[in-house]
Amino acid sequence: MQGNLDTLEFANRTIYVYTPASYKLDVARRFPSVIVQDGSYLFVDSMTALEADFASGVTEEVIFIGIEPQERNREYTPWRAENLVNDGGFFEGEGDVYLKMVTEEIMPYVRTRYRILKDAAHTGITGASFGGLISLYAAFQKPAYFGRFALMSASLWYANFMDFVEQHVFTQSDMRIFLYVGEQEGVGRTTLQQHMVPNTRKAYELLSQKIPGGRDCIRLETDPEGLHLHSYFNAYFPHAIRFIFPGGR
């Protein structure tokens, strides 16, 4: 790793902050940032490719802020819905509470310690699976904070979420969205997860009509053999950051 990775403890959770190589070299410069769900694996396990893209100039250098969840099925779901497991139960749907904590507590805390650009156009949010779901939810619920979105196999099968997407509009004026899904995700399932791929494609079409700038500002990539696994999320994560924060090269 050419950059630096710090581990912080705040509000009873662990936060990982990656600063790129140039951070120590130019002490007057402020950097874009990306809030990352599920801790650090998305960027740490993709670091070789990410730092190669930073060095070549195809991707703007960014600060990653990885937040460990306390209970992802509660924090990353937008509203209460039935769980998919046989023994029942519910996804608790406390996404709004979680996003309030991220934007009003964690982000200010980190920004007092690192040189970070504060406008929405220089602030991204990303995650995989439920982490991608809450990241897209944030696009509608927290427009003053986020303008860049990397949605890695987002759980867009979630009950009533596509209705929510259809009914809501973006209020940001400057946005970029990247979506990835593996084409084998949901295959053979009988639960709502069977809609993983078709709902992602539908979301791409809907968001293309809503996003300022249209299709130039949104991209969908798929993998014909892709499964719902970290290895696929990490393989496409550098593509996502390259798109939402393109470099000057």
Check: H239 ring centre within less than 6.0 Å of Y180 ring centre: no
query: Do Y204 and F140 belong to the same hydrophobic cluster, where Ile, Leu, Val, Met, Phe, Trp and Tyr are linked whenever their side-chain heavy atoms lie under 4.5 Å apart, directly or via other members?
result: yes
query: Tell me the side-chain hydrogen bond (donor to acceptor under 3.5 Å, both in side chains) pairs involving residues 167-178, sequence neighbours left out?
result: R148-D174
task: List the steps, then state whether side-chain contact (heavy atoms from CB on, under 4.5 Å) holds for F149 with I125.
output: CA-CA 5 Å; F149 306 89; I125 186 168; 3.4 Å; yes
query: Name the one of F161, W79, F130 that satisfies ring-ring contact (aromatic ring centres under 6.0 Å, His included) with F91?
result: F130
task: Please name all residues satisfying ring-ring contact (aromatic ring centres under 6.0 Å, His included) with F243, sequence neighbours left out, ordered by chain then number.
output: none
Chi angles and distances behind the side-chain contact (heavy atoms from CB on, under 4.5 Å) call for F64, I241: CA-CA 11 Å; F64 290 112; I241 302 304; 4.0 Å; yes
query: Do N199 and Y158 get their side chains close enough for a donor-acceptor pair, meaning under 3.5 Å?
result: no
field: Inter- and intrachain pairs under side-chain hydrogen bond (donor to acceptor under 3.5 Å, both in side chains), touching residues 20-29, at least two apart
entry: S22-E61, R29-E61
- prompt: Going hydrophobic residue to hydrophobic residue with side-chain gaps under 4.5 angstrom, can you get from Y16 over to L8?
  reply: no
- prompt: Taking the side chain as C-beta and beyond, is there a heavy-atom pair between R115 and R30 under 4.5 Å?
  reply: yes
message: Strictly distance-based, threshold 3.5 Å: is any side-chain N or O of R13 a donor or acceptor partner for the main-chain N or O of E68?
response: yes
field: E9 and T14: side chain donor to acceptor below 3.5 Å
entry: yes
- prompt: Taking it one step at a time, do L156 and V165 satisfy side-chain contact (heavy atoms from CB on, under 4.5 Å)?
  reply: CA-CA 10 Å; L156 301 183; V165 172; 5.9 Å; no
Beyond-backbone contact of F90 with N83, side-chain heavy atoms, under 4.5 angstrom: no
- prompt: With no hydrogens and no angle check, is any side-chain donor or acceptor of R201 less than 3.5 Å from a backbone partner on V197?
  reply: no
task: Verify, without hydrogens or angle tests, whether S56 (side chain) and D53 (backbone) share a donor-acceptor contact under 3.5 angstrom.
output: yes
- prompt: Below 4.5 Å, heavy atoms only, C-beta onward: do F170 and I211 meet side chain to side chain?
  reply: yes
message: Hydrophobic cluster membership, with links at side-chain heavy-atom distances under 4.5 Å among I/L/V/M/F/W/Y: are Y109 and F146 in one?
response: yes
task: Could you walk me through whether Y137 and F164 pass the ring pair (Phe, Tyr, Trp, His ring centres under 6.0 Å) test, one step at a time?
output: CA-CA 9 Å; Y137 187 61; F164 173 86; 5.3 Å; yes
message: Main chain of L151, side chain of S135: is a donor-acceptor contact present, judged purely on distance under 3.5 Å?
response: no
field: Salt bridge present between E166 and K210 (N-O < 4.0 angstrom)
entry: no
- prompt: Is any side-chain heavy atom of S153 less than 4.5 Å from a side-chain heavy atom of F233?
  reply: yes
- request: Measure centre to centre between the rings of Y76 and Y98, then say whether the value is under 6.0 Å.
  value: yes
field: D163, CG: over 12 other non-hydrogen atoms inside 6.0 angstrom
entry: yes
message: Do M107 and V102 have side chains that approach each other closer than 4.5 Å (heavy atoms only, starting at C-beta)?
response: yes
- prompt: With no hydrogens and no angle check, do the side chains of D96 and Q141 hold a donor and an acceptor under 3.5 Å apart?
  reply: yes
- request: Tell me, with the steps shown, if Y18 and L50 meet side-chain contact (heavy atoms from CB on, under 4.5 Å).
  value: CA-CA 12 Å; Y18 165 85; L50 288 167; over 6 Å; no
task: Treat each ILVMFWY residue as a node, draw an edge where side-chain heavy atoms are under 4.5 Å apart, and state whether M162 and L179 are in one component.
output: yes
field: Heavy-atom side-chain proximity of V34 to I63 below 4.5 angstrom
entry: no
field: Linked, directly or transitively: M152 and I244 (ILVMFWY side chains, under 4.5 Å)
entry: yes
message: Would the distance check show the side chain of Q37 and the main-chain N or O of I67 forming a donor-acceptor pair, the cut-off being under 3.5 Å?
response: no
Sub-4.5 Å side-chain heavy-atom contact between I65 and I116: yes
